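Hydrogens, waters and symmetry mates are skipped; everything else that's a heavy atom, side chains included, is used. Each chain gets a letter, A, B and so on, in the order the sequences are listed, and its residues count up from 1. All values derive from a computational prediction rather than experimental measurement.
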Protein chains: 2
Amino acid sequence: MAVNDGLSRLVARAQPRHRTTTEFVEATLREAILSGVIAPGTPLRQEELAETFGVSRMPVREALRQLEARALAEFHPHRGAVVAEISAADGADIGAIRMALEPMALRLSLPGLTAADLDQAEELIAEMDGEADPGRMGELNRRFHMTLYARAGRPRLLALTEQHLLAADRYLRFQFAALGYRPRSQDEHRALLAACRAGDADAACRLVEEHVGEAAEQLTAFLEGREAG
Amino acid sequence: MAVNDGLSRLVARAQPRHRTTTEFVEATLREAILSGVIAPGTPLRQEELAETFGVSRMPVREALRQLEARALAEFHPHRGAVVAEISAADGADIGAIRMALEPMALRLSLPGLTAADLDQAEELIAEMDGEADPGRMGELNRRFHMTLYARAGRPRLLALTEQHLLAADRYLRFQFAALGYRPRSQDEHRALLAACRAGDADAACRLVEEHVGEAAEQLTAFLEGREAG
DNA sequence: TGCCAGGATATTGGATCCAATCTATCACCA
DNA sequence: TGGTGATAGATTGGATCCAATATCCTGGCA
């Protein structure tokens, strides 16, 4: 079974240190969908998932409802849930949201950033230089961005930003596999970090907006080509 | 019972034309929370809600999970859910998100706006002039904003924007009740509409950002005073 | 040969039941 | 008298069971 195959590995190594079974199932499924372990369009059969997780159908149902609210799964009444499809239009949608949220997060965070934060960001850039694995690269990229936003002091804004960084990751997987990492991305990361170190908020916000925008643009072009072909 | 009282009225006049009971419960509860019919901090007892809706506890449970994913309810394992609290910090958080999303939505929508859209926006401003009821005012305000963003062609961005407009409404209720509607708001609406009619994207985006920012600022000040006192 | 109808099957949606756990109360002891 | 521990009640979390609905296949008919 395509679903169980990759997922059961995730389930096996997932620490069930969650307080309820529902939380455990939701977190693991979300990870699986965002990381691409379960492909878009895959039907999420309740019974099958329940068996994989070793629980009854009920916590699975509640978890699926939460995933629906996060736009990671689509419900069709009496026909079940499927993993949300990916499309060029949706990729552009997520890109637009990131272009709106991330400059705001950075602007709020910048004054509070410590030297340690900036050093950690620099270290993450260095790690990305030598990384080939797409999944790991996505995680490093996400951590780099979130490190810069961490001092915004706006929990909702940060949660929303991270959620859409994760959603973008899911998309970027497809691009990574075909084209490799976007070469200019690292240059942009370095320029962004330099602006943050200089405390130049306007420049930093402009850079992050351009950075996200270019990534989204290239992704959209790639996906449109994929849909056309 | 404080919960049932206002809620049962909503339930009574709600058309159960939803495909599943869970959808019906979720939509009605969301409306009740956002509109303030159920106050922040109110415990959401599953049995009580089930009785009010005339269903079993199960669809209530699934609906509550979805509300949690939307940050409208907070879950405490084995202790139940409560309606999400409101706070000055959270109000500022929502304000920051709106300030990020709405200029982006407007910029994407502006080129596609029709004369009919602009006329409808103007009509909504006129309606707001003569409106005293806070709930109705919030709805008109929301429709005005969403009308201007409607042609963005980004479903996720629009859904997120509307969700945070609704969340802001929930907060504004408290301010309405104490201070009435912010007087300068209508002037800003008119200026914004004028910029849209002129097709001046930069000005329109700047105006909407300022508009949202000022509303958020005043709200935050009000809530901080309320929390201090 | 193609299309429509009807029934069998699979899967979800909803109800009921049981177990786990949290809270509050009360007795008991220092 | 104040604090601590045990116990009872209430409430949620999870499992199982039943009903409702969609899909798919097959057979009959034009």
| Are Thr42(B) and Val82(B) side-chain neighbours, meaning at least one heavy-atom pair lies under 4.5 Å? | no
| request: Find out whether Leu29(A) and Ile38(A) are in side-chain contact, i.e. whether some heavy atom of one side chain is under 4.5 Å from a heavy atom of the other. | output: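 Contact flag for Leu29(A)/Ile38(A) side chains = yes.
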| said: Taking side-chain hydrogen bond (donor to acceptor under 3.5 Å, both in side chains) as the definition, give me every residue that meets it alongside Glu127(A), ordered by chain and number, with sequence neighbours left out. | reply: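 side-chain hydrogen bond (donor to acceptor under 3.5 Å, both in side chains) list for Glu127(A), sorted by chain: Arg136(A).
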| note | Taken in chain and number order and not counting sequence neighbours, the residues that satisfy side-chain hydrogen bond (donor to acceptor under 3.5 Å, both in side chains) with Asp169(B) are Arg142(B)
Restricting to nitrogen or oxygen on both sides, can you table the protein-nucleotides 5-8 of chain D pairs closer than 3.5 Å?
none

| Taking the six-membered ring for Trp, are Phe53(A) and Phe24(A) parallel (under 30°), tilted (30 to 60°) or perpendicular (over 60°)? | perpendicular
| said: Could you check, using the six-membered ring where one of them is a Trp, whether His164(B) and His145(B) have ring centers closer than 6.0 angstrom? | reply: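 Centroid separation for His164(B) and His145(B): 6.0 Å or greater.
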| task | Could you walk me through whether Asp117(B) and Thr114(B) pass the side-chain hydrogen bond (donor to acceptor under 3.5 Å, both in side chains) test, one step at a time? | result | CA-CA 5 Å; Asp117(B) 293 329; Thr114(B) 65; 3.0 Å; yes
| query | Would you call Glu62(A)-Arg65(A) a salt bridge at under 4.0 Å N-O? | reply | no
Distance-only donor-acceptor pairs under 3.5 Å for side chains of residues 69-77 of chain A, two or more places apart:
| residue | atom | partner | partner atom | Å |
| --- | --- | --- | --- | --- |
| His76(A) | ND1 | Arg79(A) | NH2 | 3.4 |

| query | Between Gln66(A) and Glu68(B), does a side-chain hydrogen bond (donor to acceptor under 3.5 Å, both in side chains) hold up when you go through it step by step? | reply | CA-CA 8 Å; Gln66(A) 284 182 290; Glu68(B) 183 198 18; 2.7 Å; yes
| task | Go along nucleotides 5-20 of chain C 5' to 3' and tag each nucleotide: B for a protein heavy atom under 4.0 Å from its base, S when only backbone or sugar atoms are that close, - otherwise. | result | ------SBBBBB----
| Overall bend - the helix from dT1(C)-dA30(D) to dA30(C)-dT1(D), comparing terminal axes fitted on five pairs, nearest 10 degrees | 20°
